[in-house]
Amino acid sequence: MPILTKEQARALLTKVLSYSKAEQCELNLSGSDSGNVRYARNSVSTSGGISTNSLVVSSAFGKRLGVATINEFDDASLEKVVRRAEELAHLAPENPEFMPFLSQQQYGPDSPTFSEATASMGAKERADAVQASLTQAKDNKLAAAGFLSNSAGFSAMMNSKGLFAYNKSTDVAFNITVRTDDGKGSGYATKGYNDFKKLNTKTDTAIACKKALSSVAAKAIEPGKYTVILEPTAVAVMLENLFFSLDARQADEGRSFMSKPGGKTKVGEQLLDERVNIYSDPWNTELPTSTWAGDGRAQNKVNWIEKGVVKNLYTSRYWAEKTGIKSIPSPDGAIMMGGAKSLEELIKGTEKGILVTRLWYIRPVDPQTLLLTGLTRDGTFYIEKGEIKFPIKNFRFNESPVIMLNNLEEMGKSERTVSAESNASYLLPPLKIKDFTFTSLSDAV
Amino acid sequence: MKRRDFIYLTGAGAAAAMLPAIPIFGHDISQERALEYVDPAAKKILSDIALNAARSKGATYTDVRVGRYLNQYVVTREDKVENIVNTESYGIGIRVIANGSWGFAATDKMDKDSIAKAAELAVSIAKENARLQSEPVQLAPQKGFGDVTWKAPIEKNAFEVPIKEKVDLLLSVNDAAIKGGADYINSILFMVNEQKYFASSEGSYIDQDIHRIWPTFFITKIDKTTGKFETRNALSAPSGKGYEYLEARPQDKIKTASGTLYKGRYDMLEDAKQAAIQVGEKMKAKSVEAGKYDLVLDPSHLGLTIHESCGHPTELDRVLGYEANFAGTSFLTLDKWQSKKFQYGSKEVNITADKTEVGSLGAVGYDDEGVKCGKWDVIKEGVLVNYQAIRDQAHIVGLDHSQGCCYADNWSSVQFQRMANISLQPGKKPLSIADQIKNVAKGIYIVGEGSFSIDQQRYNFQFGGQLFYEIKEGKIIGMLKDVAYQANTQEFWNSCVAICDESDYRLGGTFFDGKGQPSQSSAVSHGSATTRFNNVNVINTARKI
């Protein structure tokens, strides 16, 4: 422990399953090794290394379910946790929404979610990467605050109906805010990958430095409706609120932006610009994710929005069976198809507009319209005649991603990015949006 | 547990449906095990193993936290019990200074070898990071307290109350809401017990037992012909109390023209009945006309405004730039404090920090770096007079001691600066809620928490609420909807003109204050009485898609 191979996980789970006396038993096993360095004021502020592992046992008798968890793996402890889950199942009330466990599923080939370079990272590799970032900031006489984290983990499940699933994955994430000493300029960059070799903290810090130096002495311009170019990380925090709302039960129950009067939904309707295509694909080489969901269902390529039409909603197995809709788990990542242009080319083609580096403190205002509020941050610039003319003060916005994706002007090339709100990774393009609604100014830098 | 995780497990919003499935914050355990308390003598032995191992590897300072974190949540919807779970997270976190730099490591393997190895890892991380330091860590002096204990003064341990009693309460709440006209209700009881043991190389061995409880619900009503829907959330405040919080007596209720409010204890059943009526009224409410209004803010609402615009900007780590990459910095820079005349608010505004307020979420005897906790002024008669600091920052503001604001949300998380209970002191002259409303010509009375968002230096904010009542010529004339107010923190607090007296003082707060990287959650309370702010900008949030 904590990172078991597929064969080791299968052997351990087979042994645990042999202890079961329940009508049905399902096991979920996971483990991870992670480390991080956090820095600010050009020095390390905190850092750490954490190892954890866990086994979840779910035992069922009829519609009664008991769940118990343990992180000790000697035979006596493993048998004890199985007995405990069975005792809890006998004590539990019947759950009318309980679904029998799945039999063996077809998951397709393994997804390339694991990188040895990331798994083998230690304190030295993290410190080296942070040193490259700090050197860049110090050379520019700027103050850096950043965070580098890496993790390697595995998950496996097995049940008494013959299901077995395994996946191991790695993740490395880096984000950096660089500020000028007088507090008048701030810039941000973020990157995340499965493979540490793809990360270049020096290059990313250079982007944040450039934005910090360019954003000094920002001018105030009036709030209102503007054409904006949202960089991918700003797109992520707007769109993830839309992704989170594609739940079938909420839509059917009438309490979602996807609901229509009388218990109908807007699935199949043209809700967004016809250039909007959003899907998930576990085998995408840039954003590989697990080929199975935590409840054992297969994760396949799913078109969520095709040519602006919502094609699918995710759902629990219970709700899918009750309503007769397709049973689709929520995905681990989302991909929006983009265009061919770079961010620079989008700027070049803009007569008047605002470049937004990052959005912050996004909160839902109205679930019916998916109206969100939040602010720009760490690099907001006015564009005129294809060039960045001057930095501008930050704005508060009140905007819905549904309205936003109907006001789409142009898309750039999709790239992997990390949400600064949820830390989730996505593959998204920069978007040029007309009539984006800014409602007030902020003096924050 | 993070806010989003809570939303997910409660089914309170589709917004979290892509989040990982539970269990997420510990191992499921039995009810009997949840009632055990680990012997402090055993924790002292484990701590000494870590202290000795770190010292032998070159640590010049070490602190150790042996933490046992218990959660219990009971989740229901309509007539169904969705989840009943007890969880436990038990392990050790070791923080060291070596070569002038911090290092931290944590393990849930509580044997001698694993603890010693974790201590050695913490020292090696510190030494590796030392090359990145511009100057060595400087700690404010702190004497060792020897063996001491602190227990939250609860009357009834929520973990001892039978599950059936909790399920019966929630199902009766749901039944009342549905019978009252609600279409859907999710109700939740969330209980926390932190059993924390702190030991340091300075000679402290501190054992603490902390309890929190949060009963809440989310009601939805749908107009099936139009497809419109409205929601009303519970008016409970998360609280640092035991199960007695749910046993409201007549003296715990404040009867107003708009309904019942709760002081100190909470009547969940009564609130659900009231919510079912009010959510129907919200469906019929008038959409607000944007413009300037005088706002009368109930403590059930004002708590979050205080949290965002008073609590966070006075955290010294934000002022100094430690949160620049995530939660942000602060407009309350050191020069404003040094001037001793920065007018943060009107003369009515007195804000205190208090780590000891009885019944608050943040009440402890000692913080997570072994500092005895207390109370101090942050804003006095509108002027910024102090910040909130921890040991490695105290010297920066000339303090010879820490203010005890260090906290970690788990044994596996490194401790860092978190907010104390930050509260607005009540007015000194007698003033009731009715008096406040009587004095307003054109205004809105806001009850309960809604959407909230503030910029990264805590200037510009926008807040919604649960219930909005239009005030005209001193009287409530009906309910409004689509209301949010936007303001600049300094202008807003300078527009504060009247605060109700001590008799109306109540605690609001949050279970899920997020900060830090990796992000951690902290629970904190904010006291206030009903308060009036003049001439605030209100926007209309209605949209069409």
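Each chain gets a letter, A, B and so on, in the order its sequence line appears, and its residues count up from 1.
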For the candidates [options], which exhibits the highest count of non-hydrogen atom pairs separated by less than 4.5 Å from chain B?
options: A:L271, A:N71, A:I70; value: A:N71
options: A:S259, A:A123, A:G254; value: A:G254
options: A:T135, A:V445, A:L65; value: A:V445
options: A:A40, A:A127, A:G48, A:S34; value: A:A127
options: A:D366, A:N406, A:V37, A:T373; value: A:T373
options: A:K264, A:R84, A:K260; value: A:R84

Examine whether an atom of [X] lies under 4.5 Å from a heavy atom of chain B, and if so say whether it belongs to the side chain, the backbone or both; otherwise answer neither.
X: A:F147; value: both
X: A:P96; value: side chain
X: A:R41; value: both
X: A:T439; value: both
X: A:L441; value: backbone
X: A:A420; value: backbone
X: A:L371; value: side chain

Are side-chain heavy atoms of [X] and [Y] found at a separation under 4.5 Å?
X: B:R543; Y: A:V365; answer: no
X: B:N460; Y: A:D443; answer: no
X: B:I545; Y: A:K266; answer: yes
X: A:V44; Y: B:Q133; answer: yes

Which heavy atom of [X] sits nearest to which heavy atom of [Y], and what is that distance?
X: A:R363; Y: B:S451; result: CB-OG, 3.8 Å
X: A:P367; Y: B:F229; result: CG-CE1, 3.7 Å
X: A:Y361; Y: B:S453; result: O-OG, 2.8 Å
X: B:I125; Y: A:G49; result: CD1-N, 3.8 Å
X: A:R396; Y: B:F461; result: NH2-CA, 3.5 Å
X: B:A324; Y: A:A145; result: CB-CB, 3.9 Å

Find the one option among [options] whose heavy-atom pairs under 4.5 Å with chain A are most numerous.
options: B:D183, B:I222, B:N537, B:L121; answer: B:I222
options: B:T107, B:V81, B:T329; answer: B:T329
options: B:T220, B:I84, B:D392; answer: B:T220
options: B:I454, B:T226, B:I539, B:T231; answer: B:I454
options: B:A122, B:G227, B:S101; answer: B:G227
options: B:S412, B:S134, B:A105; answer: B:S134

Nearest 0.5 Å, please: how far is [atom2] in [Y] from [atom1] in [X]?
X: B:F326; Y: A:N423; atom1: CZ; atom2: CG; value: 7.0 Å
X: B:F218; Y: A:R255; atom1: CZ; atom2: CZ; value: 11.0 Å
X: A:S442; Y: B:Q462; atom1: OG; atom2: CD; value: 12.5 Å

Contact origin within [X] toward chain A - heavy atom pairs under 4.5 Å:
X: B:L132; result: both
X: B:N488; result: side chain
X: B:T225; result: backbone
X: B:A484; result: neither
X: B:F331; result: neither
X: B:E230; result: neither
X: B:Q490; result: neither
X: B:L320; result: both

Between B:T541 and A:N398, does the side-chain hydrogen bond (donor to acceptor under 3.5 Å, both in side chains) criterion hold? Intermediate values first, please. CA-CA 8 Å; B:T541 61; A:N398 273 265; over 6 Å; no
Assess, by modelled atom type and distance only, whether the side chains of [X] and [Y] contain a donor and an acceptor separated by less than 3.5 Å.
X: B:N129; Y: A:S47; answer: yes
X: A:T52; Y: B:D108; answer: no
X: B:N325; Y: A:N175; answer: yes
X: A:S43; Y: B:E135; answer: no
X: A:T46; Y: B:R95; answer: no

Other residues, nucleotides and ligands only: do more than 12 of their heavy atoms fall within 6.0 Å of [atom1] on [X]?
X: A:K138; atom1: NZ; result: yes
X: B:K228; atom1: NZ; result: no
X: B:K109; atom1: NZ; result: yes

Would you call A:D128 and B:R131 a salt bridge, using N to O less than 4.0 angstrom?
yes
- Pairing of B:R77 and A:E97 as salt bridge, 4.0 angstrom limit: no
| said: Check whether B:Q517 reaches the backbone of A:S149 with its side chain - one donor and one acceptor, N or O, closer than 3.5 Å. | reply: no
